[in-house]
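These notes are about the structure you will find just below.
Bear in mind that the values here come from a model prediction, so they are computed numbers and not experimental data.
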Amino acid sequence: RRVEQLEQEPLDYLGVSFGLTQKLHSFWARLDFVPLYVRLTENDLTGEHTCIMLRALHNDAELWLTEYHRDFVKRMVQLLGYTFRSLEPGLALGLLHGPSSSSDPASD
């Protein structure tokens with residue numbers, strides 16, 4: 001079959017992975033992507049932590065994305081004084097905001 005004849009699969013989310021910088025994080029956050037993972041160690045070549053961010057494409061996906069982000073925030077808060085202590089303060093705070101950012105991210 002030709003590609004044009006294939007039925008499209010529904011998508012739940014879009015994802016992106018990149019070397020974590022303030023500019024890149026801000027860019028993706030403005031497009032409603034939320035962080036779910038930051039690699040504990042820096043990349044040997046770039047010196048940056050790898051970050052994975054997702055964007056929900058419908059309400060059902062947003063429900064589980066909010067829960068995953070809440071779990072990410074809990075882990076990130078614990079690691080900010082250790083593994084991620086070298087992150088710029090603005091970047092660290094930006095990582096804590098997401099779909100659940102209307103409440104205090106550390107309160108959960």
Side-chain angles (χ1 to χ4, degrees):
R1 290 178 26 172
R2 296 176 55 128
V3 172
E4 302 88 36
Q5 297 171 330
L6 295 176
E7 190 174 321
Q8 280 188 325
E9 293 290 326
L11 297 176
D12 294 324
Y13 61 88
L14 296 175
V16 63
S17 174
F18 57 92
L20 184 59
T21 65
Q22 180 68 51
K23 284 186 176 184
L24 284 174
H25 175 266
S26 295
F27 172 81
W28 290 110
R30 280 193 306 271
L31 296 172
D32 296 326
F33 283 75
V34 295
L36 297 183
Y37 173 80
V38 176
R39 184 177 171 187
L40 294 174
T41 58
E42 297 172 340
N43 181 292
D44 291 336
L45 295 176
T46 65
E48 299 166 341
H49 295 273
T50 299
C51 180
I52 296 175
M53 296 177 76
L54 298 184
R55 177 183 177 181
L57 297 178
H58 55 76
N59 288 342
D60 289 342
E62 195 161 332
L63 293 174
W64 62 257
L65 182 59
T66 300
E67 291 303 314
Y68 275 104
H69 183 261
R70 190 172 290 142
D71 182 63
F72 167 80
V73 168
K74 287 179 185 178
R75 288 181 282 117
M76 183 58 95
V77 166
Q78 293 176 351
L79 294 170
L80 281 174
Y82 303 99
T83 305
F84 297 121
R85 68 181 168 271
S86 64
L87 290 179
E88 292 292 323
L91 177 56
L93 287 171
L95 290 168
L96 301 179
H97 293 282
S100 60
S101 63
S102 59
S103 63
D104 179 11
S107 67
D108 293 322

Taken in chain and number order and not counting sequence neighbours, the residues that satisfy side chain to side chain donor-acceptor pair (under 3.5 Å) with Thr21 are none

Closest heavy-atom pair, Phe33 versus Leu14, reported as atoms and distance to 0.1 Å, is CE2-O, 3.6 Å

On a heavy-atom basis, the closest approach of Tyr82 and Arg85 is O-NH1, 2.6 Å

The side chain to side chain donor-acceptor pair (under 3.5 Å) partners of Glu48 (sequence neighbours excluded) come to none

With sequence neighbours left out, the residues meeting side-chain contact (heavy atoms from CB on, under 4.5 Å) with Glu67 are Arg70

Residues pairing under side-chain hydrogen bond (donor to acceptor under 3.5 Å, both in side chains) where one sits in residues 3-17, two or more places apart or in two chains, turn out to be Arg2-Glu4, Asp12-His58

The ring-ring contact (aromatic ring centres under 6.0 Å, His included) partners of His25 (sequence neighbours excluded) come to none

When rounded to the nearest 0.5 Å, the distance separating CG of Leu54 from OH of Tyr37 is 13.5 Å

Practice prompt. Take Val34 and Thr66, measure what side chain to side chain contact (heavy atoms under 4.5 Å, CB included) needs, and give me the verdict at the end.
Written response: CA-CA 9 Å; Val34 295; Thr66 300; over 6 Å; no

Across all chains, not counting sequence neighbours, the side-chain contact (heavy atoms from CB on, under 4.5 Å) partners of Glu42 are His49, Ser86

When rounded to the nearest 0.5 Å, the distance separating CG of Leu57 from CG of Asp32 is 11.0 Å

With clusters defined by side-chain heavy atoms of hydrophobic residues (ILVMFWY) lying less than 4.5 Å apart, directly or transitively, does Leu11 cluster with Trp28? yes

Practice task
Check the surroundings of atom CD in Glu88: do more than 12 heavy atoms from other residues, nucleotides or ligands lie under 6.0 Å from it?
Solution key: no

Those residues at least two apart in sequence (or on a different chain) that pass side-chain contact (heavy atoms from CB on, under 4.5 Å) with Phe72 are Pro35, Val38, His69, Arg75, Met76, Leu95

Between the CG atom in Leu91 and the CZ atom in Phe84, the distance rounded to the nearest 0.5 Å is 10.0 Å

Contacts of Ala92 meeting side-chain contact (heavy atoms from CB on, under 4.5 Å) (sequence neighbours excluded), chain-then-number -> Leu80, Leu87

Item to complete: Group every Ile, Leu, Val, Met, Phe, Trp and Tyr by side-chain heavy-atom contacts under 4.5 Å, then state whether Val77 and Leu40 land in the same group.
Response: yes

- prompt: Hey, quick one: are Leu63 and Tyr68 part of the same hydrophobic cluster, counting side-chain heavy atoms closer than 4.5 Å, chains of contacts allowed?
  reply: no

The ring-ring contact (aromatic ring centres under 6.0 Å, His included) partners of Phe27 (sequence neighbours excluded) come to none

Output for pair (Leu20 CG, Asn43 CG), nearest 0.5 Å, gives 12.0 Å

